[in-house]
Amino acid sequence: MKMTKKTYLLLALLVAALLFPILVPNQYYLQILILVFIWTIAVYGLNTITGLTGQLSLAHAGFFAIGAYSLGLLTINAGIPFWAAFVLAIVITTIISFFIGIVALRTKSHFFAIYTMSVGFLIYLIIYKSELTGGVRGLIGIPNPAPIGPLTFESIQSYYYLMLFFLLLTIFFMYRLFHSLLGKTFVAIRNSEELAETLGISVMKNKLLAFVISAGLASLSGALYASYVRFLGPQMADIHVAFEILLYLLVGGIGTLAGPLIGTFIVVVLTQMLQFLEEFRMLVFGPIVVLLILFYPRGIVGGYLMWRAKRAKKQKVADANTTTKGENGNAVNH
Amino acid sequence: MLLTINQLTKQFGGLSAVNDVSAVIEESKITAIIGPNGAGKSTFFNLISGFHQPTSGRIELSGQDITNMRAEHVARLGVGRTFQTTHLFEQATVLDNVLIGHRLRTKAGLFDAIFRTKRERDEKKKCLDKALEALEFVGLTSLAYEQAHSITQEQQKRVAFALALATDPKLVLLDEPAAGVNPDETEGLSEVMKKMVKRGKTVCLIEHKMPMVMSLADHILVLNHGELIANGTPKDIQKNERVIEAYLGGNSNVSA
Amino acid sequence: MLVLKDLIVSHGQEDVLRSVNLTVEEGELVVLLGANGSGKSTLFHTLSGLVRPTSGELSFKGNSLKGRSPSQIVRDGIVQCAEGRMLFAQMSVHDNLKMGAFTYKRNKKELMRQLDYVYTLFPDLVGKRHSPAGSLSGGQQQMVAIGRALMAKPKLLLLDEPSLGLAPLIVEKMFSIIKEINKEGVTVLLAEQNAYAALSVSTRGYVLEGGRLNVEGTKEELLQNEEIRKAYIGA
Amino acid sequence: SGTTGGESGEGSSEGEEQVPEVSAGEEIINIGYTGPLSGPAAFYGENTVSGVRMAAEEINEAGGFEVGGTTYKLNIVTYDDQYLPNEAATNARRLVQEHNTPVVFVPHSGGVFATQVFNEQEDFMIAAYTSEPEILNQGNELTLRIPPAYDQYPEPFVKYQQERFGTRLALLPTATQYGKDWTEELVPVWEEFGGEVVYDGEVDFGKDTDFFPIVTNALNQNPDVIFVGGPSEPTALLMKAARDLGFEGGFMVMDQAKFEEMDGVLGNFDDIEGAIGMLPIISSDAPGAESFIASFESELGRVPTAESAFNYQAMYVLVEAMKLAETVEDPQAIMAQMDAGVKALSEDKLVWHLTGVENNGFDWMASIAAIEDGEIVLIEE
Amino acid sequence: MDLLFQQILNGLTVGSVYSLVALGLTLVFGILHVPNFAHGALYMVGAYIALTVMTALGVHYWIGLIIAVIVIALLSVLMERLVFSRLDSKDPLPIMIASIGILFFLESFAQYMWGSQYQRMVTPYGDTIQIFGLTVTMQRLLVIIAAVALMYALHLFLTKTMTGAAIIAMSQSKNGAFLVGINATRVSMLTFAIAGGLAAAAATLAAPINLVFPSMGNLVIMKAFVIIIIGGMGSIPGAIIGGYILGMAESLGATYISGDYKDLIAFVLLVLILTMKPNGLFAKGVK
Ligand SMILES: Nc1ncnc2c1ncn2[C@@H]1O[C@H](COP(=O)(O)OP(=O)(O)OP(=O)(O)O)[C@@H](O)[C@H]1O
Ligand SMILES: Nc1ncnc2c1ncn2[C@@H]1O[C@H](COP(=O)(O)OP(=O)(O)OP(=O)(O)O)[C@@H](O)[C@H]1O
Ligand SMILES: [Mg+2]
Ligand SMILES: [Mg+2]
């Protein structure tokens with residue numbers, strides 16, 4: 001019964017998402033949702049390596065940027081058709097991430113975090129200094145996504161559906177991954193690399209796979225970003241972007257399936273709502289982040305899951321108590 | 001011979017934790033390794049299971065050279081192990097722990113995961129069956145859905161057994177399986193080990209609990225300062241002067 | 001000296017200790033027996049202030065221990081050698097032992113004397129004094145842990161399964177050391193699986209079952225109790 | 001929804017009623033702004049927006065302006081974008097959707113590029129405060145460049161310095177695109193007049209903690225003149241580092257750095273004797289400068305910089321153009337009247353010599369100054 | 001030759017600042033087991049406090065420095081009490097995010113309090129002097145001397161006193177520290193205080209050779225991360241040596257390799273070192 005209730009809820013959400021542009025013809029709201037969709041995909045990417053596999057990567061702003069810049073450069077400089085460039089951009093990023101992963105994954109825990117932070121910073125500096133990428137000026141003139149059959153991508157509504165499509169695809173992908181043997185293997189590595197290794201799991205190979213998947217998702221997100229914003233600057237590879245992605249993930253709930261979507265939505269909307277504070281919004285935003293982490297260290301979805309588990313346990317204990325009451329009485333009589 | 005060890009040496013800095021040890025471990029038997037603290041027993045296990053690489057010497061498993069193989073590879077060839085301090089996936093249920101134990105015998109990858117192929121479904125079922133079987137073997141079926149960190153020491157030891165068994169090993173290395181377990185339950189663990197041998201596994205254990213070792217082991221290796229000082233049946237060992245002096249002590253409660 | 005009344009301790013939703021009553025008189029060596037998971041370590045953690053009780057009374061030398069921090073409790077003279085050892089893995093053995101004297105750190109002379117005493121109790125450690133504690137074998141680490149607890153000059157020493165992972169020779173030796181320490185006036189509360197050896201050196205014992213102290217008695221009484229022999233001595 | 005209207009003074013966050021009062025028959029027209037109001041570039045953002053605000057307040061106080069029989073008052077709606085292009089685009093959408101702004105001020109090139117993607121489609125004008133030449137090469141008809149083009153500076157700079165100090169030049173500009181573009185403009189001129197470049201470096205003001213190492217390297221080549229530029233204060237410090245390390249030649253200062261702001265860091269102009277750069281707005285001899293400087297000082301408690309002045313000017317011109325176009329809503333029509341708007345502006349509102357609008361960019365007269373004997377001296381106009 | 005020595009001197013100056021900041025970071029790492037991103041913000045606020053008391057109260061530079069050290073030490077302790085002590089030390093990610101939240105807050109706070117413009121701290125030691133043909137400002141010499149003195153004092157404290165040893169012990173086993181009677185609360189407060197104090201001292205020493213502005217901490221903190229990784233997390237000598245290695249690499253790299261790619265040096269160095277030694281240079285080989 002519970003299952004169906006959940007399914008109904010999800011269906012309702014889906015229908016709402018599909019109807020939104022028709023019911024609410026506000027471009028600003030659409031813009032926000034489009035950005036939420038794009039970011040969420042990157043957050044799912046980070047969730048794969050950090051949430052599932054337990055390796056905190058701070059290089060993901062870099063992969064996001066590589067995906068975006070690859071698309072930009074392939075379409076502008078090489079003149080490759082849009083969708084071919086789109087696929088190539090993701091392929092290029094995964095190849096790059098493969099080589100970075102081979103080296104970076106030899107380091108563990110915070111070493112890995114800072115190592116990837118440095119890699120991210122190097123990617124940023126390369127984009128920033130290189131002539132090819134347009135340096136500080138950035139990359140201008142990325143074309144609209146080419147029409148696919150009768151579908152064209154000019155209006156903001158069409159962009160909305162395009163991003164929604166890729167988001168749903170990503171969620172489906174993550175859902176399958178979460179419930180697969182491979183997903184369970186990733187989680188085992190997160191729990192203990194040492195033990196996983198004694199159990200004959202090739203830790204390096206699995207971590208590398210998770211890393212490449214996660215970079216691939218980040219680059220998908222980057223390529224979508226490039227096709228939507230159509231201007232790229234080096235600041236998109238900045239470490240702050242990596243922090244931001246991480247923040248979305250943590251607010252939502254790391255290692256959970258729904259966390260990335262919920263976290264990204266909440267944080268993006270919250271930052272927009274705090275706009276009225278102008279230059280002082282960080283003065284409020286910072287403490288909100290701290291409070292959230294203090295009270296929900298596992299994020300919103302993680303907090304909910306814990307609450308549910310606790311409630312289930314309480315129920316069990318209560319049930320057990322009613323049955324053991326009798327025994328207790330006996331013990332006293334003894 | 002299931003396992004043949006030839007002049008194995010491991011040095012940490014200047015210290016020889018294992019020094020020129022040669023020994024064999026027979027198939028379908030229980031071999032116990034005993035010796036004082038710091039004698040190099042755990043290091044010995046670590047070398048066999050590929051956790052450490054030996055400084056010199058050679059290890060063969062059923063004739064195959066595994067001397068410098070990495071742990072994961074050794075496990076796939078059929079060596080399962082437990083650690084001295086119990087080591088489980090703490091943040092997972094008992095069942096999920098054991099389920100992952102069989103992962104090394106499966107092949108499903110990313111493609112299978114996403115498209116939920118037949119292979120994925122079959123292998124998942126296989127892992128589950130294997131896990132349930134292993135849990136039943138150690139008598140923990142009822143705890144399958146508990147979190148691994150919330151069960152007792154002795155139960156955790158059993159989960160560790162199940163985990164090792166789920167890998168389908170030929171040889172099981174158990175590092176002090178009964179440490180911190182009370183006598184009553186120690187017997188229970190002994191039974192499990194005997195059962196393993198009955199099922200065709202070869203068991204090799206490190207233990208300081210002499211009553212258990214003496215009644216259980218077919219064969220005993222004694223290490224001291226990294227060197228093999230004695231090698232024989234429990235009876236031989238109990239009488240061995242060097243072992244008594246270095247390890248057992250005069251009035252040890254060997255048969256208590 | 002130590003009095004526990006109706007102590008209840010829980011981990012999350014579940015009560016681990018359910019109404020424990022226990023007393024230890026000055027100079028005694030009391031053994032705590034109990035199956036795995038019966039709550040021995042939890043009791044010890046509560047005494048050291050690492051876990052807060054849900055309800056009940058604890059007092060040491062007539063003063064309540066409620067609300068006292070772990071460091072204050074150590075200063076009061078209750079020192080624990082914990083299961084799992086909790087050593088400073090990257091510090092040398094020597095420094096680990098020195099840290100044991102933290103509560104009287106300014107008294108260098110006393111510190112040195114105590115250090116000598118510990119090294120005579122565990123001569124194996126002398127050769128390892130400059131090695132990081134984490135690189136020692138399991139049994140050697142156990143010695144460091146006991147040594148470190150002794151460095152604090154406890155009035156009441158809590159030993160949680162000190163024989164865990166020790167070679168028979170050392171176990172024997174350790175029990176005689178415990179007895180010796182006790183003779184020198186340190187009160188000891190000892191949790192053990194090795195019931196026979198533990199009871200042999202003790203004055204009294206308790207048996208903890210499922211979070212309750214069900215049986216209490218002198219060494220002789222417990223050694224003769226059939227059920228206990230069967231469950232904890234195994235012969 | 002966003003705060004609207006004139007947030008005045010740095011650091012005052014109390015929310016005064018900011019939408020201007022309107023009496024019967026009057027209407028409010030919203031003008032948008034998105035820029036860095038927090039983060040590392042916040043000071044710059046504040047400088048740009050305060051110019052726009054001051055102009056709007058003055059116009060409102062003077063009773064607003066009349067277009068097609070209706071009197072309008074201006075309301076400035078601001079959003080923070082932290083210098084990020086996509087945030088700027090989001091803000092622009094929001095401004096247009098929720099506040100109906102026909103014009104959005106964007107003070108950074110990234111934000112302009114990201115907004116240019118849809119501004120023609122969504123029908124609003126970008127008032128771009130950036131000297132980035134590319135923004136006008138996109139064929140975007142609704143983009144207005146506010147600041148002066150920098151190609152007028154190199155020649156007088158080079159002439160003055162080669163005459164005074166010599167022909168050996170060390171390059172130490174800021175490591176931004178603007179710095180690079182400037183350098184590319186300058187170097188050919190320097191060489192054309194017979195000079196040589198002896199050291200080619202750049203300084204990343206966002207990342208360097210200490211300027212001594214790079215300045216040491218530059219001085220090792222014995223230059224006569226050093227080309228510097230970037231944010232005023234660290235640029236000043238860079239020049240001081242050169243003096244500390246024994247440099248006695250002259251400086252050419254990119255227009256991004258302002259002498260008046262260096263004063264605050266150095267206390268006086270002794271260390272930058274022999275520098276040539278842009279005339280500070282406070283030394284402007286344009287008819288409207290004095291009153292602008294005075295009211296800026298009284299409101300913000302410090303001297304205005306070019307960023308404030310140029311944006312202030314732009315706001316005034318915009319209103320003139322709206323009047324001439326007889327619409328407050330049609331950006332195309334307003335854009336078409338920009339040049340006429342400049343010419344229609346009354347003299348006493350000119351804070352600098354603005355001559356017209358050419359190719360969608362404001363045409364300012366170059367004003368160059370140098371430090372001679374510790375004083376700012378006007379070199380050329 | 002002169003150029004070389006001049007650059008070595010420059011490298012020593014920056015290296016000193018890096019080392020002081022990295023030292024505080026590495027100490028706090030021992031408690032949190034996570035790099036504290038807010039540490040750079042403490043550095044920045046430290047500079048503002050010193051600047052403010054110097055200009056507003058007109059106190060001498062040294063008094064300003066001492067006040068800044070005290071205030072930041074307190075602020076750092078406050079951070080520990082209000083936030084970090086309430087988070088589960090076994091779970092690194094929430095701690096990291098909390099520290100990022102604090103970073104956002106402090107930067108924004110500084111902008112609110114002191115504005116976002118660049119400010120200059122005037123030093124009484126602004127004179128330049130010539131030694132052995134090298135040009136140095138007094139302030140730069142002071143940075144080097146004061147930093148070395150501070151580091152030596154800290155070294156003595158950590159190795160020669162039990163309280164110092166307690167800081168190290170805490171970082172290795174919190175429960176172990178409890179069991180020997182270390183007041184863990186006090187030790188972690190002390191550690192945060194020292195780390196904050198060091199950051200404020202470094203900032204006040206370095207401020208006169210650069211400027212004071214809200215994001216000034218970002219410059220230093222990224223490099224401090226690199227340093228403590230190179231030096232091995234939690235390693236005190238590692239932090240000091242790492243700081244000087246980086247300072248030297250930057251000033252000499254700018255001269256002999258490439259001025260343009262000087263910023264890359266730190267990160268390339270890190271990537272190279274970790275590629276060869278995944279646990280850092282000074283990591284102790286213990287499981
Ligand atoms: N990683 C290591 N680095 C340095 N020395 C080590 C390391 N591992 C073990 N040793 C040393 O090697 C020796 C053997 O250790 P090992 O753990 O094998 O002993 P053990 O026989 O298992 O002892 P126990 O019965 O106490 O567990 C010890 O002296 C120990 O200090
Ligand atoms: N942190 C914890 N969270 C939840 N449950 C716990 C925790 N620690 C202990 N328990 C549970 O409390 C009970 C008592 O554990 P405790 O460690 O005190 O037993 P013990 O008598 O010391 O056992 P052993 O002989 O194995 O050391 C066990 O059921 C255990 O699973
Ligand atoms: Mg061992
Ligand atoms: Mg216990």
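Below, chains carry the letters A, B, ... as their sequence lines are ordered, and counting in each starts from 1. Computation of the quantities below employed the complete heavy-atom set of this structure, encompassing side-chain atoms and omitting hydrogens, waters and symmetry-equivalent molecules.
Heavy atoms of A:Ile156 lying under 4.5 Å from chain D belong exclusively to its side chain. Looking at A:Ile34, neither its backbone nor its side chain comes within 4.5 Å of chain D, counting heavy atoms on both sides. In this structure, chain D has a heavy atom under 4.5 Å from the side chain of A:Leu35, while its backbone stays farther away. For chain D, the nearby part of A:Leu125 is the side chain; its heavy atoms alone come within less than 4.5 Å. For A:Pro25, the part lying near chain D is the backbone, with the side chain staying farther off; criterion is any non-hydrogen pair under 4.5 Å.
Each of D:Asp181, D:Val96, D:Leu84 has some count of heavy-atom pairs under 4.5 Å with chain A, and the biggest count is that of D:Asp181.
Surrounding CG of D:Asn359 are at most 12 heavy atoms belonging to other residues, nucleotides or ligands under 6.0 Å away. Environment of OH in D:Tyr150: crowded, with over 12 heavy atoms of neighbouring residues, nucleotides or ligands closer than 6.0 Å.
Heavy-atom minimum distance, A:Glu154 versus D:Gln121: O-NE2, 3.8 Å. Listed here is the closest heavy atom pair of A:Tyr29 and D:Glu98: OH-OE2, 3.6 Å. Scanning both residues, D:Pro85 and A:Gln235, for their nearest heavy atoms gives CD-NE2, 3.2 Å. Taking each heavy atom of A:Val229 and D:Val117 in turn, the nearest pair found is O-CG2, 3.2 Å.
Inter-residue side-chain proximity for D:Glu87 and A:Thr271 is flagged as unmet; no heavy-atom pair is nearer than 4.5 Å.
From A:Leu30, atom CG reaches atom CZ of D:Arg93 across 8.5 Å, with rounding to the nearest 0.5 Å. Note that CZ of D:Arg94 is 5.0 Å distant from CD of A:Gln272, once rounded to the nearest 0.5 Å. Of the inter-residue distances, the one linking D:Asp204 atom CG with A:Tyr128 atom OH reads 4.0 Å to the nearest 0.5 angstrom. The line from CG of D:Leu95 to OH of A:Tyr28 is 9.5 Å long, rounded to the nearest 0.5 Å.
Between the side chain of A:Arg137 and the main chain of D:Glu134, no donor-acceptor pair closer than 3.5 Å is present. Remark: the backbone N or O of A:Gln27 is paired with a side-chain donor or acceptor of D:Gln97 at under 3.5 angstrom.
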